[in-house]
Structures are given as structure tokens and as C-alpha cells.
Amino acid sequence: MQGEQEKFLTVYAYDSLEYWLKEVIPEFEKEYNVKINLVLVGSTGELVNRLIIEKDNPKADVVVGIDNTFMSKAIKAGVLEKYKPRNVDVIPQWIIEKFDPEFYLTPFDFGYIAFNYRTDLIQDYPKSLNDLIKPEWKGKIIIEDPRTSSPGLAFMLWTIAVYKDQWLDYWAELRENVQIVKGWSAAWEAFSKGEYPIVLSYATSPAASVYYENKTNIKAIEFEEGNFLQIEGVGIVKGTKNMELAKKFVEFLISEKAQEKLPTTQWMYPVNKNVKLPEVYKYALDVKKPVTIDPGLVEENLDNWLKQWTEVVVEGKNPEDVKGQ
């Protein structure tokens, strides 16, 4: 590669992926004599919307961070190129099957959505989705908006998976108890400041708190109904002029070199089965009951579900008036 003209690759990702990507991108740049232009695009929802807006004139080559909640929207919009990485055998088959067997997106990490609570602020805590609607938790829970946030959307889908046709009735009760913010960072900041003792986050969040701040006052809760499984993927943007380099980047992100830096930057589980978890992961919640929802069902209904959620939760409409739509 010596003496060859430097090439450029534009990578889109949501904001908090910056920590992991900035750790691993220099290795890729060095190996392939390429300059990565990393563009951070707000939340996962904003990331997908940006790709859709730019569909006829794509600016990105690769997108990192579309998860199983927003995946159907991206695939439906036709903004992704199918590609099965050559080193795909490092990923356990169950992850591929639960995510995208067609490889519009290649999984690079997975984790579980979980409510976290502050042990220094409350002694008792909700142990189920049903508990969240009890009057004692009014004003004590902060969550993310499903229209703009992947954990927020994962939570909405979690409630649909559990409550089926009654999910809007559940939200009509829950809306009285929760504060809703745009994305995870805002929710976590308010939770960290002690403004809310309960936050919608991840099963690994307590491990991150020990790692960064040596704080053991945060615990994730295993819910009686189970916890929602989130899988995140990397994909090639349709219309890229750097196809070969984009393929190499996808393969690089699931390599041991990139994956071993993931647990303590992204706070998700690596998909590469050869990567060992760090010791601090003993503080993470070991989820025994993953909750999932059929991606086909999501693809078919997501737009309508979000519309219904907005009408019931934001506009305060009666679920019965909204259900028939």
C-alpha cells in the first residue's frame, strides 16, 4: 500500500458510538491506507432518517448502529446494500437468525434493554412492566422517546411483545408516571444527577458505572416478563462508490481487533465469539429471558404503531379511539 494515493470512506454512526469507533478506526486507516470521515448523526432514528433523505444522492459509504428496532424502516426504504462478510463465521448463528439472515446489516453487538435504579435513592424498585404503572412510581421514571431513540423504540416494542393488542392501554396508564426525553444521553444525565431514581437503559449500565466512576449504586432490573433483546448492525449504504473498502470495513468491525475494544466503550456484548468479556461485566445483569418481536411484524406495523403511540402518549387520546385506525 506504500506510496498509493490515500482513499476516503465516509461512515455514519449515532452519537454515542463515537467512543468505540474512535478507538478502532485508526487501526483500519493504517491497515488500508484510508482516511475515515466519521459523521455522527444524533440518535438511531435520526441516522436512519438521514439515509432516507439522502437516498438519491448518498453521502455515506457505511452506516454503523442501525438496530433491530429501526432495521425494518431502513430495509423498507431501500438504503442498504446486501453484503455477507467473509469472516461471518465468528458470529453465533442465533444472533444472525434473530437479526437479519439476508445481511442488509451485519450484527456487531447485542445487549438487553433494562430499567436501572439508584440504590442510594430508593430501596424498593419495580420488578415488572406492570409495576411501572403503579402510583408510587409517578414522576420517578425517565425514558426515551421511541420516535428518536433506539432504547425508547425497543421499550415500545417490548410492551407490544408482552401486551399484544392491549399495549396502548398500558401506555395510557404509563404516560402519567414517566418523563420522556429525546435520547439516551439526556435520560442518563438526569438519572446520574439524581433527578429520577429509575431510567430506561441497558443491562450493562451498572458495569459501566463501576468502570468509569467506581460507583456501585446502580443496578439493572430483570423484569418478570423478560428483557428486550437489542442487536445492532453495520451496513453498506446503497449507491456507495467505495464498495470494496466498505466491505472491508464491515469485516473489520466484527474482527477480534475491533470487537475486543467494544465491551468497555459501547457497553454491549461483542458478537465475535472469540472475544472474552472483561471482569467488570460481573456487575452487568445476566438476562435469562430475552424478549423479541418478529421483524416482519415490525416492518409491517411500525409507522402505524408510532402514530398510535404519539396519539395516546403525547396527545393524550383515549386508546379505544386510536386502536381502530
Side-chain angles (χ1 to χ4, degrees), residues 5-88 99-100 102-109 147-150 153 182-185 230-255 257-259 261-262 265-266 268 271 299 302:
Q5 191 183 355
E6 194 173 49
K7 299 182 287 284
F8 289 88
L9 194 72
T10 297
V11 174
Y12 278 7
Y14 63 77
D15 284 356
S16 56
L17 267 165
E18 176 183 13
Y19 306 102
W20 176 49
L21 291 175
K22 286 201 168 168
E23 283 263 315
V24 299
I25 279 171
E27 303 221 17
F28 183 82
E29 289 177 323
K30 200 167 134 190
E31 198 171 325
Y32 292 100
N33 188 30
V34 58
K35 187 75 191 134
I36 299 271
N37 173 28
L38 177 62
V39 180
L40 300 167
V41 189
S43 63
T44 312
E46 291 167 296
L47 186 64
V48 173
N49 289 340
R50 175 90 167 254
L51 292 177
I52 293 169
I53 289 163
E54 295 175 357
K55 185 181 174 181
D56 297 330
N57 184 21
K59 307 276 194 294
D61 300 300
V62 177
V63 59
V64 187
I66 299 177
D67 72 340
N68 53 324
T69 63
F70 278 100
M71 176 173 68
S72 61
K73 188 176 180 181
I75 292 172
K76 205 173 176 182
V79 294
L80 300 169
E81 194 74 62
K82 273 189 197 181
Y83 177 60
K84 187 175 182 177
R86 287 176 306 173
N87 58 341
V88 73
F99 190 54
D100 179 22
E102 292 187 64
F103 286 97
Y104 283 101
L105 289 162
T106 296
F108 65 84
D109 72 9
R147 298 168 298 180
T148 50
S149 157
S150 64
L153 183 54
K182 195 173 179 181
W184 179 88
S185 300
Q230 184 184 31
I231 304 173
E232 297 189 295
V234 52
I236 297 171
V237 178
K238 201 166 201 166
T240 175
K241 294 176 178 66
N242 294 303
M243 181 57 85
E244 290 313 306
L245 210 48
K247 287 177 180 178
K248 287 186 172 74
F249 191 75
V250 171
E251 285 163 2
F252 171 73
L253 284 195
I254 61 170
S255 70
K257 200 181 277 187
Q259 289 272 301
K261 292 190 168 75
L262 192 144
T265 51
Q266 187 57 6
M268 296 281 274
V271 295
E299 189 173 340
L302 184 61

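Residue numbers run from 1 in the order of the sequence given.
- Proximity of a side-chain donor or acceptor of D15 to a complementary backbone N or O of G42 within less than 3.5 Å is detected.
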(request) May I have the step-by-step check of side-chain contact (heavy atoms from CB on, under 4.5 Å) for Y83 and M243, ending in yes or no? (result) CA-CA 10 Å; Y83 177 60; M243 181 57 85; 5.9 Å; no
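- Rounded to the nearest 0.5 Å, atoms CE (M268) and CD1 (I231) are 9.0 Å apart.
- When all heavy atoms of P85 and V250 are compared, the closest pair comes out as CG-CG1, 3.9 Å.
- Between atom CG of residue N242 and atom CG of residue D61 there is a gap of 4.5 Å, rounded to the nearest 0.5 Å.
- Among all heavy-atom pairs drawn from I75 and L80, the shortest one is CG1-CD1, 4.3 Å.
- A distance of 6.5 Å separates CG of L245 from CD1 of I36, quoted to the nearest 0.5 Å.
- By the ring pair (Phe, Tyr, Trp, His ring centres under 6.0 Å) test, F108 pairs with W20, sequence neighbours left out.
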(message) Does K82 form a side-chain contact (heavy atoms from CB on, under 4.5 Å) with F103? I'd like the steps, not just the answer.
(response) CA-CA 5 Å; K82 273 189 197 181; F103 286 97; 5.6 Å; no
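- Here the straight-line distance linking atom CD of Q259 with atom CZ of F252 works out to 10.0 Å at 0.5 Å rounding.
- A salt bridge does not link K248 with E31: none of the charged nitrogens is closer than 4.0 Å to a carboxylate oxygen.
- Dense packing is recorded around NZ of K261, with more than 12 heavy atoms of other residues, nucleotides or ligands lying under 6.0 Å away.
- At a threshold of 4.5 Å between non-hydrogen side-chain atoms, the residues F99 and M71 count as touching.
- With contacts defined as side-chain heavy-atom distances shorter than 4.5 Å, the pair Q266/E23 does not qualify.
- Heavy atoms only, all atoms of each residue included: V271 and D109 are closest at CG1-N, 3.4 Å.
- Taken from OG1 in T265 to NZ in K22, the straight-line distance is 13.0 Å, to the nearest 0.5 Å.
- Considering every non-hydrogen atom in both G78 and K238, the closest pair reads O-CD, 3.4 Å.
- Side chain of E27 to main chain of V24: no donor-acceptor pair is present (N/O by atom type, distance under 3.5 Å, no hydrogens or angles).
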(message) Would I52 and K73 count as a side-chain contact (heavy atoms from CB on, under 4.5 Å) here? Give the steps.
(response) CA-CA 9 Å; I52 293 169; K73 188 176 180 181; 4.1 Å; yes
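- The local environment of NZ in K59 is crowded, with over 12 non-hydrogen atoms from other residues, nucleotides or ligands closer than 6.0 Å.
- The only member of L253, T240, V234 that meets side-chain contact (heavy atoms from CB on, under 4.5 Å) when paired with V62 is V234.
- Salt-bridge formation is not detected for the pair K247/E81: no Lys NZ or Arg NE/NH1/NH2 atom is positioned less than 4.0 Å from an Asp or Glu carboxylate oxygen.
- Remark: T44 pairs with Y14, D67, F70, S150 by the side-chain contact (heavy atoms from CB on, under 4.5 Å) rule, at least two apart or across chains.
- For the pair T69 and L302, the tightest heavy-atom approach, listed with the atom from each and the gap, is O-CD2, 3.8 Å.
- L21 and A13 get closest at one heavy-atom pair: CD1-CB, 3.6 Å.
- Here the side chains of L51 and I66 are in contact, with some heavy-atom distance below 4.5 Å.
- If you take CG on L47 and OG1 on T148, they are separated by 13.0 Å, rounding to the nearest 0.5 Å.
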